[in-house]
There are 2 protein chains.
Amino acid sequence: MKELLRTKGFKSTPQRELIFDCFFSLGKHVSVDELYQKVRELDPSVGHSTVWRNLKLICLLGLAEEVNIGDGITRYDRTTPKPHGHFFCRSCKKLLEFDVGSVMGALVEAAHEFEFEPDGYKIEIQGYCSDCRQDGRTNDVATGSANDERKA
Amino acid sequence: MKELLRTKGFKSTPQRELIFDCFFSLGKHVSVDELYQKVRELDPSVGHSTVWRNLKLICLLGLAEEVNIGDGITRYDRTTPKPHGHFFCRSCKKLLEFDVGSVMGALVEAAHEFEFEPDGYKIEIQGYCSDCRQDGRTNDVATGSANDERKA
DNA sequence: ATTGAAAATGAAAGTCGTTTTCAATTGGCG
DNA sequence: CGCCAATTGAAAACGACTTTCATTTTCAAT
């Protein structure tokens, strides 16, 4: 890791190494705060902004990318050799990955038709995972006030 | 519109009617502020929070849904009979729609495999549109500091 | 090993879109 | 018409993200 940083022109610091290590050990879709907590367990002196900056650096290095599922929290997802999509469970907030190999062709083609030069794909399916689907939730609008979907 | 509101248990107010009308006349991916500006042209007394609340209500009624492209601004997209994906140009921030009929089958199937009950799909392709692709931007990481991707 | 320029850090503050609060107003059923 | 609950508007609160700045640290060149 030290080598990668050097070759890209970044310095290696204890905090940075720790943050990188923690990020890759967590290995799932983490938010800044989740990573911050993890880092803090091992070194409580590391600041929030340092974690944030290094998470950005990880993205800049191409090792991760941001995932926005619309709940206002940015998560960071390790880049994988194969592109993948996400299932986002509205109930338990779980994020599951699934293979999107079968749809990439069509997307690339669509981009081509529009003369659009793609450099990123986000495929997200929202709904309820197998653990949560029994709750039978509906989007019946008549049962609530204009604002009560926030807690849903 | 008045009827739809009534049947769902919401009141019809001049502001609400105006906001709904403006939203559907704009008819594209609008942010709260864009809609607020439009509404203000016709009635400067309408408040920001009223626009926001009614945009939420429009979503709650199933007439629109939120689109998050990761730039921190929530946009609202009229629900269409056919699902569609978005091209998001990193340069000019334009949002273009494209048909995703050809990939829906695979996505539904993927959801089924995971026993996931989908109720929403987001397919977004990021990159550069035909007007912007000549800028030859690269993601060369060595050329900048850890933070300079923000302005990209 | 020492040094100095540039980069990195940490605490705190700033930013900005979103959301809530609350008092006043209004819609609509009885 | 009169009441009650829904709605409104202004302002404040909220919260995640981002920047600032003084201090510390890294690392290449002595």
Side-chain angles (χ1 to χ4, degrees), chain A residues 1-3 5-20 30-37 39-40 43-60 66-76 141-152, chain B residues 1-3 5-20 30-37 39-40 43-60 66-76 141-152:
Chain A
M1 187 52 67
K2 199 172 292 216
E3 296 68 34
L5 287 169
R6 292 274 179 76
T7 60
K8 295 292 187 180
F10 297 100
K11 292 181 177 175
S12 167
T13 67
Q15 296 94 331
R16 177 162 289 168
E17 294 291 335
L18 176 61
I19 291 166
F20 274 53
V30 290
S31 62
V32 176
D33 280 334
E34 285 166 347
L35 182 55
Y36 177 64
Q37 296 307 328
V39 168
R40 278 250 155 177
D43 181 352
S45 72
V46 177
H48 180 97
S49 50
T50 299
V51 173
W52 178 78
R53 279 184 290 233
N54 278 289
L55 216 26
K56 286 290 189 182
L57 177 58
I58 289 171
C59 291
L60 195 57
E66 301 188 348
V67 182
N68 274 87
I69 55 184
D71 65 352
I73 294 177
T74 303
R75 271 161 251 266
Y76 295 81
V141 102
T143 60
S145 76
N147 289 327
D148 73 354
E149 86 287 7
R150 203 170 314 106
K151 289 269 165 288
Chain B
M1 188 53 64
K2 200 171 292 218
E3 296 68 34
L5 287 169
R6 291 274 180 76
T7 60
K8 296 292 185 180
F10 297 99
K11 292 182 176 174
S12 167
T13 68
Q15 296 94 330
R16 178 163 287 168
E17 294 292 336
L18 176 59
I19 292 166
F20 274 53
V30 291
S31 62
V32 176
D33 281 334
E34 285 167 346
L35 182 56
Y36 177 63
Q37 296 307 328
V39 168
R40 278 250 156 178
D43 181 352
S45 72
V46 177
H48 179 97
S49 50
T50 299
V51 173
W52 178 79
R53 279 184 289 233
N54 278 290
L55 216 25
K56 287 288 188 182
L57 177 58
I58 288 171
C59 290
L60 196 58
E66 301 189 348
V67 182
N68 274 87
I69 56 183
D71 66 350
I73 295 176
T74 303
R75 271 161 250 267
Y76 296 81
V141 103
T143 59
S145 75
N147 288 328
D148 72 355
E149 86 287 8
R150 201 169 318 105
K151 288 270 166 286

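Just so you know, these numbers use all the heavy atoms, side chains as well, and skip hydrogens, waters and symmetry mates. Numbered from 1 within each chain, the chains take letters A, B, ... in sequence-line order.
Partners of A:Asp33 according to the side chain to side chain donor-acceptor pair (under 3.5 Å) rule, which considers only residues two or more places apart in sequence or in another chain, do not exist here. Under the rule for a salt bridge (charged side-chain N to carboxylate O under 4.0 Å, His left out), B:Asp43 has no partner lying at least two apart in sequence or in another chain. A search for side chain to side chain donor-acceptor pair (under 3.5 Å) contacts involving B:Arg40 returns B:Tyr36, not counting sequence neighbours. Taking A:Gln37 as the reference, nothing meets the side chain to side chain donor-acceptor pair (under 3.5 Å) condition, with sequence neighbours excluded.
B:Asn68 comes within contact range of no nucleotide atom at all, as no heavy-atom separation falls under 4.0 Å. The residue A:Ser31 sits apart from the nucleic acid: no heavy atom pair falls under 4.0 Å. Contacts of A:Asn54 with the nucleic acid, taken as non-hydrogen atoms under 4.0 Å apart, involve only primed sugar atoms and P, OP1 or OP2.
Counting all heavy atoms, side chain and backbone alike, A:Ile19 lies closest to A:Val51 at CD1-CA, 3.7 Å. Across A:Arg16 and A:Lys11, no two heavy atoms sit closer than the pair NH1-O, 2.8 Å. When every heavy atom of A:Ile73 is checked against every heavy atom of A:Ser31, the shortest pair comes out as CG2-CB, 3.6 Å.
At a threshold of 4.5 Å between non-hydrogen side-chain atoms, the residues B:Arg53 and B:Thr50 count as touching. By the 4.5 Å heavy-atom criterion applied to side chains, B:Leu5 and B:Leu57 are counted as neighbours. Proximity of B:Tyr76 to B:Val67: side-chain heavy atoms (C-beta onward) are nowhere separated by under 4.5 Å.
Atom CD in B:Gln37 sits roughly 14 Å away from atom C1' in C:dG17 (whole-Å rounding). Look at CG on B:Leu55: it is 16 Å from C1' on D:dT8, rounded to the nearest Å. If you take CZ of A:Arg75 and C1' of D:dC17, they are 15 Å apart, rounded to a whole angstrom. We find that CD1 of B:Ile73 is positioned 17 Å from P of C:dT15, with the value rounded to whole Å. Summarising the geometry, the separation between CD1 on B:Ile19 and C1' on D:dG9 is reported as 11 Å, rounded to the nearest angstrom. Straight-line distance from the CZ atom of B:Arg40 to the C1' atom of D:dG9: 9 Å, rounded to whole Å. Going from atom CZ of A:Arg53 over to atom P of D:dT20 covers 11 Å, rounded to whole Å. In this entry the distance linking CG of B:Asp71 with C1' of C:dC16 reads 12 Å, nearest Å.
Between B:Thr50 and D:dG9 there is a side-chain N or O to OP1 or OP2 distance below 4.0 Å. Between A:Lys56 and the phosphate of D:dC17, there is no side-chain N or O to OP1/OP2 separation shorter than 4.0 Å. The phosphate of D:dC17 (OP1 or OP2) has a side-chain N or O of A:Thr74 nearer than 4.0 angstrom.
For B:Ser49, taking side-chain heavy atoms from C-beta onward, the closest of the listed nucleotides C:dG10, D:dG9, D:dA16 is D:dG9. Of the candidate nucleotides D:dC17, C:dT18, C:dA11, D:dC17 has the atom lying nearest to any side-chain atom of A:Trp52.
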Polar atom pairs (N or O), protein with nucleotides 26-30 of chain D, under 3.5 Å:
unit_1: D:dT26; atom_1: O3'; unit_2: A:Ser12; atom_2: O; d: 3.4
unit_1: D:dT26; atom_1: O2; unit_2: A:Lys11; atom_2: NZ; d: 2.8
unit_1: D:dC27; atom_1: OP1; unit_2: A:Arg6; atom_2: NE; d: 3.2
unit_1: D:dC27; atom_1: OP1; unit_2: A:Ser12; atom_2: N; d: 3.0

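Note on the helix from C:dA1-D:dT30 to C:dG30-D:dC1: angle between the axes of the first and last five pairs equals 30°, rounded to 10 degrees.
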